[in-house]
Amino acid sequence: QVELTESGGGSAQAGGSLTLSCVASVITHSSRCMGWFRQVPGKEREGVATIHVESGSTYYRDSAYYRDTHFTISRNAANNMITLRMDNLRPRDAALYYCVAGPTRVCGTWESDNWWYWGRGTQVTVSS
């Protein structure tokens with residue numbers, strides 16, 4: 001079992017930045033890929049970015065999804081940690097952000113059912 005612990009959520013003004021962090025209790029074959037999903041009430045969870053913890057390969061959605069908010073995912077493999085830097089936040093980016101983990105084969109996939117482990121989520125709010 002892999003436990004994921006998120007931190008770094010909070011409030012930002014439009015145009016501001018936030019950085020989310022997630023630490024995995026252990027990296028095994030089932031958690032070599034980690035990433036971030038987000039969800040707003042009444043909508044499906046959406047994948048934001050993923051990263052292979054060992055290779056550092058990053059995966060993003062089509063650029064149109066992010067519009068003018070800039071997301072950067074990175075990892076610190078020694079500490080089983082990933083971060084998501086969000087710049088130029090907009091109110092539409094407000095959501096509950098979940099850290100996820102899964103085996104290598106799910107890296108770069110955006111279906112929530114593919115991911116094996118989920119954190120509890122950290123809330124991001126953006127004021128206009």
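Since the structure is predicted, the reported quantities are computational estimates derived from the model, not experimental observations.
Across every non-hydrogen atom of Gly108 and Thr50, the tightest pair is N-OG1, 3.1 Å. Considering all non-hydrogen atoms of both residues, Arg90 and Gly15 come closest at NH1-N, 3.9 Å. Here the closest non-hydrogen pair linking Gly35 and Ile73 is CA-CD1, 4.0 Å. Taking all atoms of both residues into account, the shortest heavy-atom contact from Val26 to Ser31 is O-OG, 3.2 Å. Here the shortest heavy-atom pairing between Ala94 and Thr125 reads CB-CA, 4.1 Å. The shortest non-hydrogen separation linking Ser21 to Thr83 is OG-CG2, 3.5 Å.
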Query - Intermediate values then yes/no, side-chain contact (heavy atoms from CB on, under 4.5 Å), Val53 and Arg32 - result: CA-CA 5 Å; Val53 176; Arg32 288 199 177 102; 5.5 Å; no

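Val2 and Tyr97 fall within a single hydrophobic cluster, where Ile, Leu, Val, Met, Phe, Trp and Tyr are joined by side-chain heavy atoms under 4.5 Å apart, directly or via other members. Under the 4.5 Å side-chain contact rule for hydrophobic residues, Val100 and Leu96 share a cluster. With hydrophobic clusters built from ILVMFWY side chains whose heavy atoms lie under 4.5 angstrom apart, Trp116 shares a cluster with Val48. Residues Leu89 and Tyr65 share a single hydrophobic cluster, defined by chaining ILVMFWY side chains whose heavy atoms lie under 4.5 Å apart. Clustering ILVMFWY residues whenever any of their side-chain heavy atoms sit less than 4.5 angstrom apart, transitively, puts Leu4 in a cluster other than the one holding Val23.
No side-chain donor-acceptor contact under 3.5 Å links Glu46 to the backbone of Arg38. In terms of modelled atom types and a separation under 3.5 Å, the side chain of Gln13 and the main chain of Ser127 share no donor-acceptor contact.
Side-chain contact of Thr69 with Asp93: a donor-acceptor pair under 3.5 Å is present, judged by distance alone.
Counting only heavy atoms from C-beta outward, the side chains of Thr104 and Cys33 never approach each other to under 4.5 Å. Using a 4.5 Å cut-off on side-chain heavy atoms (C-beta onward), Leu84 and Phe71 make contact.
Between the OH atom in Tyr60 and the OH atom in Tyr66 there is a gap of 7.5 Å [rounded to 0.5 Å]. For the atom pair OG (Ser7) and CE (Met81), the distance works out to 8.0 Å, reported to the nearest 0.5 Å. For the atom pair CG of Asn80 and CZ of Arg75, the computed distance is 11.5 Å after rounding to the nearest 0.5 Å. Atoms CG and CH2, on Leu20 and Trp36 in that order, are 4.5 Å from each other to the nearest 0.5 Å. In this structure, CD1 on Ile51 lies 6.0 Å from OG on Ser74, to the nearest 0.5 angstrom. To the nearest 0.5 Å, the span separating OH on Tyr117 from CE on Met34 amounts to 12.0 Å.
Because its NZ or CZ atom is not both nearer than 6.0 Å to the ring centre of Tyr98 and within 45° of the ring axis, Arg120 does not count as a cation-pi partner of that residue. Cation-pi geometry between Arg45 and Trp115 is not satisfied (NZ or CZ under 6.0 Å from the ring centre, within 45° of the ring normal).
Within 6.0 Å of atom CZ in Arg92, more than 12 heavy atoms from other residues, nucleotides or ligands are found, so the atom counts as buried in its surroundings. The environment of CD in Gln123 is crowded: more than 12 heavy-atom neighbours from other residues, nucleotides or ligands sit within 6.0 Å. When the shell of 6.0 Å around CD of Glu111 is examined, it contains more than 12 heavy atoms from other residues, nucleotides or ligands.
Under the 30°/60° scheme for interplanar angles, the aromatic rings of Trp110 and Phe37 are found to be tilted.
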